[in-house]
Amino acid sequence: MFVDSHCHLDFPEYQGQLDDLLARMKTAKVTHALCISVDMPNFPNVLEIAKSHENLFASVGTHPDYKDTPEPSVEQLVQLGQDSKVVAVGETGLDYYRIGDDSIESMEWQRDRFRRHIQAAKQLNKPLIIHTRSASADTIRIMKEEGADQIGGVMHCFTESWDVAQAAMDLNFYISFSGIVTFKNAKDLQETCKKIPLDRLLIETDSPFLAPVPHRGKTNEPAWVSHVGEFVAHLRGDDLASLAQATSQNFSRLFRVNLH
């Protein structure tokens, strides 16, 4: 039994394909998935997908790298996050990877947005889904300043160092690995994955992106989180059934959902 802790089933790549995606999930023994919000205009679609299927959940939030989109307020996030199908706030965080000619100092709008999401999560008492890229120092700093450890969450699609993983786990966060961990050039990430305690480990697809080996380069989908799980179990020397059970239990514990 696997759970995809992070996917984007509302994206245009999947238009008209949801039933087929869910059928392939079932075949691959992927029992549940968390559909992630990336902006406010499309949040109703994310929520509707989750509400229409018992084994799907939703988050509410605006991606840090979405600049030209309506800015969510703490109040709006709290209001929308009260729905029982919304189990987390995010994805949020910081992304300095594509700042181009802008300076890190000019990214204050991202840092403000991140702080608002943490504040909303604390009011809702729901965990955070955090995206960090080329910004780990500021991400951890703001998590500490805003008290993100009070509600915890997950560092999704983790690609950072062991030191960053340790700092996040010290703040009550889980570490989630995507298909990237299966790539041949991800040796450092694989070494970090080996060190993560089993009770802090999650797996995900981030679909439609980052398809794992053996499907690298194709449109990803939740069923393929099974490949991530199989690779991680082999990498760590864990029994596959034990890893599947542990990552599913971790998901259930973090997001306070019953998977049965």
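Note that the coordinates shown come from a computational prediction; the quantities given were computed from them, not determined experimentally.
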Taking the side chain as C-beta and beyond, is there a heavy-atom pair between [X] and [Y] under 4.5 Å?
{"X": "Trp109", "Y": "Phe114", "result": "no"}
{"X": "Val154", "Y": "Leu254", "result": "yes"}
{"X": "Ser178", "Y": "Val225", "result": "no"}
{"X": "Phe158", "Y": "Leu189", "result": "yes"}
{"X": "Ile36", "Y": "His131", "result": "no"}
{"X": "Gln123", "Y": "Val74", "result": "yes"}
{"X": "Phe255", "Y": "Pro127", "result": "yes"}
{"X": "Leu47", "Y": "Lys85", "result": "yes"}

Partners passing side-chain contact (heavy atoms from CB on, under 4.5 Å) against [X] (at least two apart in sequence or in another chain):
{"X": "Ala168", "result": "Ile140, Met155, Phe173, Ile175"}
{"X": "Leu198", "result": "Leu201, Arg236, Asp238, Leu243, Ala246"}
{"X": "Val38", "result": "His8, Phe11, His63, Tyr66, Glu91"}

Do [X] and [Y] sit in one hydrophobic cluster, given that two such residues count as connected whenever their side-chain heavy atoms are within less than 4.5 Å of each other, even indirectly?
{"X": "Val3", "Y": "Val30", "result": "no"}
{"X": "Ile49", "Y": "Val89", "result": "yes"}
{"X": "Trp162", "Y": "Val181", "result": "yes"}
{"X": "Leu56", "Y": "Val46", "result": "no"}
{"X": "Met25", "Y": "Val228", "result": "yes"}

Reported [atom1]-to-[atom2] distance for the pair [X] and [Y], which is rounded to 0.5 angstrom:
{"X": "Leu9", "Y": "Gln17", "atom1": "CG", "atom2": "CD", "value": "10.5 Å"}
{"X": "Ser207", "Y": "Leu21", "atom1": "OG", "atom2": "CG", "value": "8.0 Å"}
{"X": "Ile130", "Y": "Thr139", "atom1": "CD1", "atom2": "OG1", "value": "7.5 Å"}
{"X": "Phe177", "Y": "Ser5", "atom1": "CZ", "atom2": "OG", "value": "11.0 Å"}
{"X": "Met107", "Y": "Asp138", "atom1": "CE", "atom2": "CG", "value": "11.5 Å"}
{"X": "Ile203", "Y": "Thr247", "atom1": "CD1", "atom2": "OG1", "value": "4.0 Å"}

- Message: Here's a test for you: under side chain to side chain contact (heavy atoms under 4.5 Å, CB included), which of Val87, Leu77, Ile129 qualifies with Val60?
- Response: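 Exactly one candidate clears the test, Leu77.
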Is the backbone of [Y] close enough, under 3.5 Å, to the side chain of [X] for a donor and an acceptor to pair up by distance?
{"X": "Arg111", "Y": "Glu105", "answer": "yes"}
{"X": "Asn220", "Y": "Leu210", "answer": "yes"}
{"X": "Asp206", "Y": "Phe209", "answer": "no"}
{"X": "Gln249", "Y": "Ala244", "answer": "no"}
{"X": "Asp39", "Y": "Asn42", "answer": "yes"}
{"X": "Thr132", "Y": "Gly93", "answer": "no"}
{"X": "Ser252", "Y": "Val257", "answer": "yes"}
{"X": "Gln110", "Y": "Pro64", "answer": "yes"}
{"X": "Thr182", "Y": "Val213", "answer": "yes"}
{"X": "Lys122", "Y": "Glu146", "answer": "yes"}

If every non-hydrogen atom of [X] is compared with every non-hydrogen atom of [Y], which pair is closest and at what distance?
{"X": "Pro212", "Y": "Phe183", "answer": "CA-CE2, 4.5 Å"}
{"X": "Pro72", "Y": "Arg113", "answer": "CD-NE, 4.5 Å"}
{"X": "His53", "Y": "Leu22", "answer": "CD2-CD1, 3.2 Å"}
{"X": "Gly229", "Y": "Leu240", "answer": "O-CD1, 3.9 Å"}
{"X": "Ile196", "Y": "Ala165", "answer": "CD1-CB, 3.9 Å"}
{"X": "Lys218", "Y": "Ala211", "answer": "O-CB, 3.5 Å"}

Is a donor from one side chain sitting under 3.5 angstrom from an acceptor on the other, for [X] and [Y]?
{"X": "Tyr174", "Y": "Asp199", "result": "no"}
{"X": "Thr205", "Y": "Asp4", "result": "yes"}
{"X": "Ser52", "Y": "Glu48", "result": "yes"}
{"X": "Thr219", "Y": "Glu13", "result": "no"}

- Query: Salt bridge between Arg116 and Glu71, side-chain N to carboxylate O under 4.0 Å?
  - Reply: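 Yes, Arg116 and Glu71 are salt-bridged.
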- Item | SB check Lys187 Glu191 (cutoff 4.0 Å) |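 A salt bridge is absent here (no side-chain N lies under 4.0 Å from a carboxylate O).
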- Crowded around Asp188 CG? As in, over 12 foreign heavy atoms under 6.0 Å?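 12 or below, so no.
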- Message: For Gln15, is the CD atom crowded, meaning more than 12 foreign heavy atoms sit under 6.0 Å from it?
- Response: no
- Test side-chain contact (heavy atoms from CB on, under 4.5 Å) on Met40 and Leu80 and set out the steps. CA-CA 10 Å; Met40 291 298 97; Leu80 297 174; 3.9 Å; yes
- Not counting sequence neighbours, which residues clear salt bridge (Lys or Arg N to Asp or Glu O under 4.0 Å) with Lys51? List them please.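 Salt bridge (Lys or Arg N to Asp or Glu O under 4.0 Å) list for Lys51, sorted by chain: Asp83.
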- Task: Given salt bridge (charged side-chain N to carboxylate O under 4.0 Å, His left out), test Glu145 with Arg115 step by step and report yes or no.
- Result: CA-CA 9 Å; Glu145 290 174 356; Arg115 292 180 191 278; 2.8 Å; yes
- What do the steps show when you test Ser161 against Thr192 for side-chain contact (heavy atoms from CB on, under 4.5 Å), and what is the final call? CA-CA 7 Å; Ser161 68; Thr192 295; 5.6 Å; no
- Message: Please determine whether side-chain contact (heavy atoms from CB on, under 4.5 Å) holds for the pair Ile180 and Cys157, giving the CA-CA distance in whole Å, both sets of side-chain angles, and the decisive distance to 0.1 Å.
- Response: CA-CA 8 Å; Ile180 292 175; Cys157 192; 3.9 Å; yes
- Message: Test of understanding: with side-chain hydrogen bond (donor to acceptor under 3.5 Å, both in side chains), list the residues that count as partners of Arg133, not counting sequence neighbours.
- Response: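 Not a single residue meets the side-chain hydrogen bond (donor to acceptor under 3.5 Å, both in side chains) criterion with Arg133.
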- Query: side-chain hydrogen bond (donor to acceptor under 3.5 Å, both in side chains): which pairs involve residues 18-38, sequence neighbours left out?
  - Reply: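 Output for this query lists Arg24-Glu221.
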- Message: Going by side-chain hydrogen bond (donor to acceptor under 3.5 Å, both in side chains), Ser176 matches just one of Arg200, Glu204, His156. Which one?
- Response: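 Among the candidates, only Glu204 passes.
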